[in-house]
Amino acid sequence: MTTTSDPSSPQIISDADTDAAQSSSEGFSQFASQVIERPRPDGVATDATPTVTFRDFSVFYGDFEAVKSVNAGVANREVTAIIGPSGCGKSTLLNAINRMTDLIPGCHTKGQCIYDGDDVYGPQTDVVWLRRRIGMVFQKPNPFPKSIYDNVAYGPRLHAGTSGSELDQIVENALRGAALWDEVKDRLHTNAMGMSGGQQQRLCIARALSIEPDLVLFDEPTSALDPQSTARIEDLIAELRGKYTIAIVTHNMQQAARISDYTMFMYEGELVEFSRTAELFTTPEHERTQRYVTGRFG
Amino acid sequence: MSQPDAFNQAPSSAERDPRWARESLRLRRRYAKDKRFRFYTVLALLIAFAFLAVFLIDLVRRGAPALRQAEILTEIAYTPDTLEKPLNAFPEDTRDLVSDTVRWAVRSEVGWAEVTARVHFTEQVKEDPSNAIVDMKLTTDDLPFLFDGLTIPREHMLQLIDPSELGRLQQELISDPSLMGKNERVILRGSPALQQFLTDSTGLDEAVVEGAGRLDESDLAGMRFNAEKFGEGKSVEQWVLAHHDVDQYLKGYKYMKPESYPDPELAPITPEMAKRIDRLYDEGKIRLAFNHYFFTNGDSKTPETAGMWPAIVGSVMVLGIVLLLCLPIGVLTSIYLEEFAPDNIVTQTIEVNINNLAAIPSILFGVLGLVAFVTFGEWMGWGNLRTTAIVGGATLALMTLPVIIISTRAALRAVPDSIRRAGHAMGATRWQVVVHHVLPASISGIMTGSIIGLAQAMGETAPLIIVGLVAFVPEAPTGPVDPTTVMPAQIFSWWGMPQRAFQERAALAILVLLAVVFILNAIALVIRARSEKSW
């Protein structure tokens, strides 16, 4: 799980390398060429504890085991993508991290999900405090039906009681961080619902960033957007990497290849493979992974 | 379905090609059926509108005359003679045309009642002046034919004496201590009840009537002319309310014309009176003026002075109480049921019961209100709460609560879950998600449902009958525990009155009620339209 190579600059893995690594003669993953290797972020040690660790972690909807005994982790300040076909449990796994699965009646878990040293499902956990430290961006953009300013200001107002010019500054920083400031700085107090889908999603990202989370979860953030907005948000996530730990669920393998450092491949609730993105796309260990990333199914 | 008319003719190619002959016939029939169906729907709409139009037109026709009222210009003579025979205050040609209320008003203006009572000044008088009044003994000196004499107890005497006199006696004693111990007969101003008794023999309890009658016979009680105001006697000319029969005759109602009676001489308006009224009208001494009494007065025994102001105030007050009780309880209950209640058998039972409550006949709520508020109130020592606004409001609140709960739940449900999830993900607690996000987003739906529920409550009569709000209420309520009535109840009681002049007033009251309900519904519409949200 630790990086074996440590390039000083990003490099594109060429087709030639991938060719040689193929074990099967059924072709190679076209996404492998999209993988971008990025340097380890500053200040993160090689054997640093991952932000989130799953230990035999299972999630049940009633009797149905949606996530089967996952053992994996989300690396500090890097991007971890979770890919897999529909219904494989990747969204469930993501939602379980900040206990959004608690909102679903009949949902319970087994095993451990460790965040910041504590078991998320332990008896001592304050769910509200947990969710405050973990930001979430949903598939369909869901800004509050308030003004742009109030959307971003909601978190700081709620948790820290910030107001006045300090709040203005926080809002501006968050909107800049989400690459939205220039577009909305003149209309901060207009209704957020009046923006385009892509802008709304960036607003949701700004909202999540406004309270300086350690971990940001993206649940298929671009699947409801057009390609241009998708590209902008992917660039944004690449920028956020290094400052925030990011876990992103996506069924867009190009996206996973482009922006993530680690990839988890899930199938029918099981974690099939978990490794660095470059390796998963070029030299996957399991045949199922191979078949998925070459587009044979899913 | 709007197709160009060309399509409504079967295409000519169909007619040429035998293969399409069968289908083109069917096609023509289908278009015809379409047209017929559209026609039926429009017809249904027109019929519904026709009913509405007939109803409204009839109502306006019945109620519009109530906006005006007959008044008559007459001389009123305030003389001592009027005291004896109040009718003589009016000249012969207007005497039988003025309203009864005017005659009564003249009687109480022209003088006041006086009564002779025995007064005994004691120490106790200083604390409570009513102690000054002692039993009044009538002897054969007062009434020669009174063989056994008659003692009128002080409690009865107190009912005949104007309350202000007691204070005056107390002041007299305090300022002149030499009066202490004196026991003598004194002439005091009579109470309004005595005054009424002396003029039309009503107003006093049965027990007191005998004593008052004897006092009257012996001239120890009687009316006294108000010389301070009228000197020797004064005569004024002014416009006064005409009798409601005159009003009805003038408005041209057939039933008031003498010809409609088998014996015209026994009609309320005889042919001679009719001629006189017409003459006075032509002379400009009778006119139809704006009926401002309708909007300022309360219920009255005479139709000409009857108004719906207390009913309007009562309706507003009752509605206010309903709002105050229903909104918080209803909205909070809804929030709990929708956002927090676990999905178990208890919650489901509650939901089923709330839905059933909304379907219960409203009169049963009246019985519930009677038991819960009136009877319970008496038992708790709150006094008799029947006919009060608070009981009417509480009863209607019981009835409106299920409606508000159901519509609030619908409004809460309409808020998309994605907003709640966003709130949770931002670290809001469960209540904060509801208060910060769900409630503000559902306010317009809640308000619309509430206003519609309130508009319904405004028109309810049946439950209020049981709780006593259909009563004779001449004065507007000043607080929630004053006796009150509401608009639909007033309409109901007026419609049942013997004098037909009340009918037109009831119709006008219906129009006022309709106007208020329409306005409430319009407000609901505007609120809903202005806050249509697109998620």
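Residue numbers start from 1 in every chain, and the chains themselves are labelled A, B, ... in the order their sequence lines are given, proteins ahead of strands.
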Self-check item: Under 4.5 Å from a heavy atom of chain A, the part of His424(B) involved
Solution: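 Looking at His424(B), backbone and side chain both touch chain A.
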Quiz item: In terms of heavy-atom proximity below 4.5 Å to chain A, should Arg420(B) be classed as side chain, backbone, both, or neither?
Solution: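 Contact with chain A: none, neither part.
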Quiz item: Hey, what do you get for CG (Leu337(B)) to OG1 (Thr408(B)), rounding to the nearest 0.5 Å?
Solution: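 Rounded to the nearest 0.5 Å, the CG-OG1 separation comes out at 10.5 Å.
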Quiz prompt | Rounded distance (nearest 0.5 Å) linking atom OG1 of Thr41(B) with atom CZ of Phe37(B) | solution =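 Atom-to-atom, Thr41(B):OG1 and Phe37(B):CZ are 6.5 Å apart.
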Quiz item: With a 6.0 Å cut-off on ring centres, are Phe57(A) and Tyr121(A) close enough?
Solution: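 Yes, the ring of Phe57(A) comes within the 6.0 Å limit of the ring of Tyr121(A), centre to centre.
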Quiz item: Do His437(B) and Tyr154(A) have ring centroids that are under 6.0 Å from one another?
Solution: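 Judged by ring-centre distance (under 6.0 Å), Tyr154(A) and His437(B) do meet the cut-off.
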Contacting region of [X] [heavy-atom separation from chain B under 4.5 Å]:
| X | value |
| --- | --- |
| Asn95(A) | side chain |
| Leu130(A) | neither |
| Arg99(A) | neither |

Quiz item: Counting distance only, does the side-chain N/O of Thr250(A) pair as donor-acceptor with the main-chain N or O of Gln255(A) below 3.5 Å?
Solution: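 Pair absent, no side-chain N/O of Thr250(A) close to backbone of Gln255(A).
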